[in-house]
Protein chains: 2
Amino acid sequence: MAVGHPQRLRIIAELSSGRLHVSELARRLGISRPLLYMHLQRLEEAGMVTGELELSPEGKAMKFHELVPFRVHVTVDTVLDALRADEAAKAAEAADQEGPDDVQESK
Amino acid sequence: MAVGHPQRLRIIAELSSGRLHVSELARRLGISRPLLYMHLQRLEEAGMVTGELELSPEGKAMKFHELVPFRVHVTVDTVLDALRADEAAKAAEAADQEGPDDVQESK
DNA sequence: TTCACCTGTAATTTACATCTTACATGTGTT
DNA sequence: AACACATGTAAGATGTAAATTACAGGTGAA
């Protein structure tokens, strides 16, 4: 689902040769930093990329991103599963709204 | 790329139990026919669905759609390949427009 | 202190996919 | 003829993802 945008593919391509920090990556791709943030967020949600804030030797904060070797497999069955999972999630959410039955929100 | 919309997933789910014609499918999904046409077109382009216009026993024209058992595999490498293919396609298109080879980008 | 880097996010605008309404057309049944 | 089906497309409204601009920080070096 996250691999549905050319910009995102380009990000993956750029990261395929190694980790980069946000600003550098934005420069290489020729896109604005906020836009890159958005796409990186999507890729992280999809588990294809991980980000890690680090302190450079000089003490500057830099957030590096790198690829997670992913292997997505899509068939009719996986689609059906995804739909079922989605419905279940929605149902749970609705129940959450309506009156929590008997949920013990630990935290 | 085509499996990037819940509506499309629902179409696949509905077709997973057998072929259906457009109007019937639209009724089951509760969406308008033109909208369904659009999504079916996308799915056909992606090679996940095939459509075939048939004459029913009573002589009515009906377009049936059915699932093509697809198996999409996505990895870093396939992404890189897709990008390269895309670039090649774009280059060819540009050459087509400009006039082959030997182009003198004036201006 | 100012400059040159960096990380973030809020507020908009822009562009595009999605979706509806409406129309043209055809066939068989009442 | 009017009705109930069907396929198909053209236009226009709607919604949302995508993208830009503008801000608020923070560090180290000249």
Side-chain angles (χ1 to χ4, degrees), chain A residues 1-15 18-66 79 82-83 86 90 93, chain B residues 1-15 18-66 79 82-83 86 90 93:
Chain A
M1 218 91 153
V3 210
H5 209 270
Q7 214 71 279
R8 238 113 65 190
L9 301 185
R10 291 181 58 218
I11 293 174
I12 292 174
E14 205 64 57
L15 287 180
R19 62 211 302 271
L20 289 169
H21 68 269
V22 180
S23 294
E24 175 62 20
L25 184 50
R27 270 194 299 270
R28 293 202 190 187
L29 294 170
I31 66 178
S32 67
R33 212 157 35 77
L35 175 57
L36 178 56
Y37 269 92
M38 195 216 68
H39 286 306
L40 283 175
Q41 190 182 311
R42 306 257 163 147
L43 289 169
E44 275 194 72
E45 284 167 5
M48 294 172 161
V49 155
T50 52
E52 197 178 357
L53 188 62
E54 290 182 20
L55 254 37
S56 75
E58 310 90 27
K60 284 182 186 171
M62 292 169 90
K63 186 161 191 182
F64 281 87
H65 286 265
E66 74 182 308
V79 168
L83 267 178
D86 197 64
K90 267 193 196 135
E93 197 180 306
Chain B
M1 219 89 153
V3 210
H5 208 268
Q7 214 71 280
R8 238 114 63 191
L9 301 185
R10 291 180 59 217
I11 293 175
I12 292 174
E14 207 63 56
L15 287 179
R19 63 210 302 268
L20 289 170
H21 68 269
V22 179
S23 294
E24 174 63 18
L25 184 50
R27 271 194 297 270
R28 294 202 189 186
L29 294 170
I31 67 178
S32 67
R33 212 159 32 80
L35 175 58
L36 177 56
Y37 269 91
M38 193 216 72
H39 286 305
L40 283 175
Q41 190 182 311
R42 306 257 163 148
L43 289 168
E44 274 195 73
E45 284 168 4
M48 294 170 162
V49 156
T50 52
E52 197 179 356
L53 189 62
E54 290 181 21
L55 253 36
S56 75
E58 311 90 27
K60 284 183 184 171
M62 291 168 91
K63 187 160 190 183
F64 281 87
H65 285 266
E66 74 183 307
V79 168
L83 268 176
D86 197 65
K90 267 195 197 131
E93 197 181 305

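A, B, ... follow the sequence lines: proteins, then strands. Residue 1 opens every chain. Keep in mind it's a predicted model, so treat the numbers as computed, not measured.
Shown for residues 3-13 of chain B: residues whose heavy atoms fall under 4.0 angstrom of DNA chain C, namely B:His5, B:Gln7, B:Arg8. Interface residues of residues 46-62 of chain A facing DNA chain D, ordered by number: A:Glu58, A:Gly59, A:Lys60; criterion, heavy-atom separation under 4.0 Å. Of the residues in residues 21-29 of chain B, B:His21, B:Val22, B:Ser23, B:Arg27 come within less than 4.0 Å of DNA chain D through at least one heavy atom, sorted by number.
Here the closest non-hydrogen pair linking A:Val22 and A:Leu36 is O-CD2, 3.3 Å. The two residues B:Ala61 and B:Leu55 have their closest heavy-atom pair at CA-CD1, 3.8 Å. The two residues A:Leu29 and A:Arg10 come nearest to each other via the heavy atoms O-NH2, 2.9 Å. B:Met48 and B:Ala2 get closest at one heavy-atom pair: SD-CB, 4.5 Å. A:Met62 and A:Ser56 get closest at one heavy-atom pair: SD-CB, 3.7 Å. Residues A:Leu40 and A:His65 come closest through the heavy atom pair CD1-NE2, 3.5 Å.
The closest donor-acceptor contact from the side chain of B:Arg33 to the backbone of B:Ala26 lies at 3.5 Å or more, if one exists at all. Here the side chain of B:Arg8 pairs no donor or acceptor atom with the backbone of B:Leu43 at under 3.5 angstrom.
Taking only side-chain nitrogens and oxygens, B:His39 comes nearer than 4.0 Å to OP1 or OP2 of C:dC19. Regarding contacts with the backbone of D:dA19, every side-chain N or O of A:Ser32 stays at 4.0 angstrom or more from both OP1 and OP2.
For the helix from C:dT1-D:dA30 to C:dT30-D:dA1, the rotation axes defined at the first and last 5 base pairs enclose an angle of 20°, given to the nearest 10°.
Once rounded to the nearest 0.5 Å, the distance linking CD1 of A:Ile31 with OH of A:Tyr37 reads 12.0 Å.
Residues passing the side chain to side chain contact (heavy atoms under 4.5 Å, CB included) test with B:Arg28, sequence neighbours excluded: B:Glu14, B:Leu20, B:Glu24.
Side-chain contact check for B:Pro34 versus B:Met38: every heavy-atom pair is 4.5 Å or farther apart.
Distance, A:Met38 CE to D:dT16 C1': 11 Å, rounded to whole Å. The interatomic distance linking B:His65 (NE2) with D:dT7 (C1') rounds to 10 Å, in whole Å. Going from atom CG of A:Leu36 over to atom P of C:dT9 covers 13 Å, rounded to whole Å. As a whole-Å value, the separation of B:Leu35 CG from D:dG8 C1' is 15 Å. As rounded to whole Å, 13 Å separates atom C1' of C:dA17 from atom CD of B:Glu45. One interatomic measurement links the two molecules: NZ of A:Lys63 to P of D:dG26, which rounds to 18 Å at whole-angstrom precision. Following rounding to the nearest Å, B:Phe64 (CZ) and D:dC5 (C1') show an atom-to-atom distance of 13 Å. Between the CG atom of B:Leu20 and the P atom of D:dT7 there is a distance of 11 Å, given to the nearest Å.
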Q. Where along nucleotides 9-14 of chain D does protein come under 4.0 Å, by heavy atom, of base (B) or sugar-phosphate alone (S), with - for untouched nucleotides?
A. B-----
Q: For side chain to side chain contact (heavy atoms under 4.5 Å, CB included), just list the numbers for B:Arg19 and B:Glu54, CA-CA rounded to whole Å, side-chain angles, deciding distance to a tenth of an Å, and then say yes or no.
A: CA-CA 12 Å; B:Arg19 63 210 302 268; B:Glu54 290 181 21; 2.7 Å; yes
Q. When you look at B:Thr50 and B:Glu66, which way does the side chain to side chain contact (heavy atoms under 4.5 Å, CB included) test go after all the steps?
A. CA-CA 6 Å; B:Thr50 52; B:Glu66 74 183 307; 3.7 Å; yes
